[in-house]
2 protein chains.
Amino acid sequence: MSEKADKREHILTVAEELFGEKGFDGTSVRDIAQKAGVNLAMISYYFGSKEKLLESLIELRAGYAHGILEELNKDQSLTPWDKINRLVDFYVDRVLNNLPFHNIMYREATNIRSDEIRDRIISIKVRNLEQITKIITDGQQKKLFREVDIPMTVGTLMGSISSYTQAKPYGCHILALGYDASEETYRTKLAPRLKAHLKQLLRAHLDIKNEE
Amino acid sequence: MSEKADKREHILTVAEELFGEKGFDGTSVRDIAQKAGVNLAMISYYFGSKEKLLESLIELRAGYAHGILEELNKDQSLTPWDKINRLVDFYVDRVLNNLPFHNIMYREATNIRSDEIRDRIISIKVRNLEQITKIITDGQQKKLFREVDIPMTVGTLMGSISSYTQAKPYGCHILALGYDASEETYRTKLAPRLKAHLKQLLRAHLDIKNEE
DNA sequence: GTTTAATTCAAACGTTTGTTTAATTTTGTG
DNA sequence: CACAAAATTAAACAAACGTTTGAATTAAAC
């Protein structure tokens with residue numbers, strides 16, 4: 001068993017939770033060390049700096065979606081409509097099951113210090129956009145989907161999810177939950193509602209019968 | 001001329017820009033004082049603390065949308081479809097013309113310290129949701145709109161916009177702009193594209209002819 | 001078992017943080 | 001002009017920040 005890799009990953013997981021909850025600048029290295037149960041100096045020892053810890057975290061988590069989207073794309077047994085529905089399920093589940101990381105991506109993406117990280121994030125987003133573009137253009141060639149602004153449509157998909165993951169107190173109000181609802185109950189109430197809405201939305205948006 | 005009110009507001013404007021750019025925790029009181037050209041102590045003098053400065057800023061900017069939505073609602077000369085299109089224009093323009101403040105709302109809303117501010121933000125969102133609900137239910141009664149999940153639809157509207165305002169480097173890539181594009185050019189390129197997309201999207205989403 | 005390297009630790013480093021102080025200047029009022 | 005209130009200032013405050021140090025401990029290699 002690799003003790004070192006375990007401890008490194010443990011620190012990253014703890015940092016992810018704290019960054020997601022209180023933001024990068026709102027989280028101190030001492031917070032991370034204390035919650036992870038390691039000595040303060042270990043963070044510099046393992047990662048070099050707080051900034052590089054964030055880079056390591058992004059490197060660890062990012063880029064995971066691509067493989068799944070590629071598989072989805074290649075699956076010949078699925079119709080374009082099936083793929084759209086699976087896409088919705090996939091993204092909603094993925095964001096809700098990785099809430100801290102997605103909060104970091106959304107909050108910290110604007111003012112990323114390192115050009116390297118910024119370019120990495122962009123290239124990941126562009127790659128995912130390319131996969132979704134393939135799904136939609138395939139549907140268009142099969143005369144199922146109409147002409148739409150694909151990058152904007154992807155923004156709608158991600159933005160709709162984020163608008164409720166980024167504002168939990170408001171979301172709790174909408175879902176008729178108390179403000180003190182646990183993350184768990186919030187996710188399980190939100191997920192089916194978001195999925196149903198997005199499927200209905202994209203159904204109407206993409207359907208060639210709704211061409212103007 | 002009220003010099004004091006001017007200076008107070010000037011500090012708030014500068015703070016808004018910095019909070020929007022670097023986040024609340026990423027902005028120091030000294031940053032604000034320097035950029036505003038006032039003495040460091042003036043911020044405590046005027047606002048009491050950094051936290052209360054943020055509260056003052058939110059109090060100043062928030063709640064402005066409500067009056068316009070109410071007017072839009074009351075306007076008898078507009079069809080529900082007109083109202084939806086105006087709603088899109090209004091929100092896109094409003095967000096893009098107040099980018100720093102909306103960045104603050106989106107980034108800082110999750111971890112608002114003060115319960116008072118949190119409740120204030122929620123009540124504003126709920127009031128806006130009520131106005132939009134009226135527009136949509138009106139369209140439904142007139143047999144123009146179909147049944148949709150209204151809170152989720154509002155989330156889609158706001159989230160679609162935010163997904164591009166929160167990630168400018170990616171947005172520049174999509175819009176075929178250089179990464180060094182000014183805020184100005186980014187806004188003017190993004191606005192028509194977002195508006196056209198959202199109008200097309202909501203058109204298909206709400207149209208009763210697209211009932212399943 | 002000895003030696004070398006990797007890991008862990010308490011302590012301290014120099015800055016920066018938000019806020020306060022107390023003296024000074026400016027402003028408004030009679 | 002005189003006087004009280006308000007506004008502004010430089011300086012200092014303690015606390016928290018990210019990072020480094022150098023000694024102590026553990027693990028690995030021979």
Side-chain angles (χ1 to χ4, degrees), chain A residues 1-60 104 107-108 111-117, chain B residues 1-60 104 107-108 111-117:
Chain A
M1 178 171 61
S2 172
E3 287 284 350
K4 169 160 178 180
D6 278 4
K7 182 168 277 186
R8 230 188 88 103
E9 212 161 305
H10 177 57
I11 294 172
L12 283 173
T13 306
V14 168
E16 183 178 37
E17 289 172 22
L18 289 171
F19 288 163
E21 185 186 334
K22 313 199 291 176
F24 180 77
D25 289 314
T27 303
S28 75
V29 184
R30 283 173 179 81
D31 291 338
I32 301 168
Q34 192 181 358
K35 185 164 182 181
V38 303
N39 187 275
L40 172 65
M42 296 311 293
I43 279 142
S44 292
Y45 180 75
Y46 278 125
F47 304 98
S49 70
K50 185 186 172 186
E51 190 108 349
K52 284 182 184 165
L53 192 162
L54 176 61
E55 296 186 26
S56 300
L57 176 60
I58 292 174
E59 198 56 40
L60 177 70
I104 296 170
R107 268 208 299 245
E108 251 50 72
N111 48 324
I112 282 294
R113 282 84 164 166
S114 149
D115 289 358
E116 201 184 326
I117 297 191
Chain B
M1 179 172 61
S2 171
E3 287 282 353
K4 168 161 177 179
D6 278 4
K7 182 169 278 188
R8 228 189 90 101
E9 212 161 306
H10 176 58
I11 293 172
L12 283 173
T13 307
V14 168
E16 183 177 37
E17 288 171 23
L18 290 171
F19 288 162
E21 187 186 332
K22 313 197 292 175
F24 180 77
D25 289 314
T27 304
S28 75
V29 184
R30 282 170 179 82
D31 290 338
I32 300 167
Q34 191 183 357
K35 184 163 183 181
V38 302
N39 187 278
L40 170 65
M42 298 309 295
I43 279 143
S44 291
Y45 181 75
Y46 278 125
F47 304 98
S49 70
K50 185 186 173 187
E51 190 107 350
K52 284 182 182 165
L53 192 162
L54 176 61
E55 296 185 26
S56 299
L57 176 61
I58 292 174
E59 199 56 38
L60 177 70
I104 295 170
R107 268 208 299 244
E108 249 54 69
N111 48 323
I112 284 295
R113 284 83 164 166
S114 148
D115 288 358
E116 203 184 326
I117 297 189

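Side chains included, hydrogens not; waters and symmetry mates left out as well; all remaining heavy atoms used.
With a 4.5 Å cut-off on side-chain heavy atoms, B:F24 and B:E51 count as touching.
For A:I11 and C:dT7, the CD1 to C1' distance is 12 Å, given to the nearest whole Å. In this structure, CE of A:M42 is placed 4 Å from P of C:dT8, rounded to the nearest angstrom. Summarising the geometry, the separation between CD1 on B:I43 and P on D:dA10 is reported as 14 Å, rounded to the nearest angstrom. When rounded to the nearest whole Å, the span between CZ of A:F47 and C1' of D:dT19 equals 15 Å. The CG atom of B:D6 sits 17 Å away from the C1' atom of D:dT8 (whole-angstrom rounding). If you take CG of B:L53 and C1' of C:dT19, they are 14 Å apart, rounded to a whole angstrom.
In this structure, A:R30 contributes its side chain and A:L40 its backbone to no donor-acceptor pair below 3.5 Å. Remark: side-chain polar atoms of B:T27 are paired, donor with acceptor, to backbone N or O of B:L18 under 3.5 angstrom.
No salt bridge links B:E108 with A:R107; every basic N to acidic carboxylate O contact stays at or beyond 4.0 Å.
Non-hydrogen atoms lying under 4.0 Å from DNA chain D are contributed by A:T27, A:S28, A:V29, A:R30, all within residues 23-34 of chain A.
Cation-pi contact between B:K50 and B:F19: absent, since separation from the ring centre below 6.0 Å together with deviation from the ring axis within 45° is not met.
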| field | Dot-bracket encoding per residue of DNA chain C, Watson-Crick/G-U cut-off under 3.5 Å, | denoting interstrand | value | |||||||||||||||||.|||||||||.||
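Separation of atoms CG (B:D31) and CD (B:E21) is listed at 9.5 Å; rounding is to 0.5 Å. Taken from CD1 in A:I32 to CD1 in A:I11, the straight-line distance is 9.0 Å, to the nearest 0.5 Å. Of the inter-residue distances, the one linking A:Q34 atom CD with A:N39 atom CG reads 12.0 Å to the nearest 0.5 angstrom.
Between A:L40 and B:N39, the residue anchored nearer the 5' end of DNA chain D, judged by the nucleotide with its closest heavy atom, is B:N39.
For C:dT8, one of the phosphate oxygens OP1 or OP2 lies less than 4.0 angstrom from a side-chain nitrogen or oxygen of A:Y46. Dashed line: the shortest gap from a side-chain N or O of B:K7 to OP1 or OP2 of D:dT8 is under 4.0 Å.
The number of heavy atoms from other shown groups lying within 6.0 Å of NZ (A:K35) is above 12.
Across C:dA6, D:dT20, C:dT19, the shortest atom-to-atom separation from the side chain of B:S44 is found for C:dT19. The side chain of B:Y45 approaches D:dA7 more closely than any other nucleotide in the set C:dT21, D:dT19, D:dA7. Looking at the side chain of B:A41, the nearest of the listed nucleotides C:dT19, D:dT9, C:dT7 is D:dT9.
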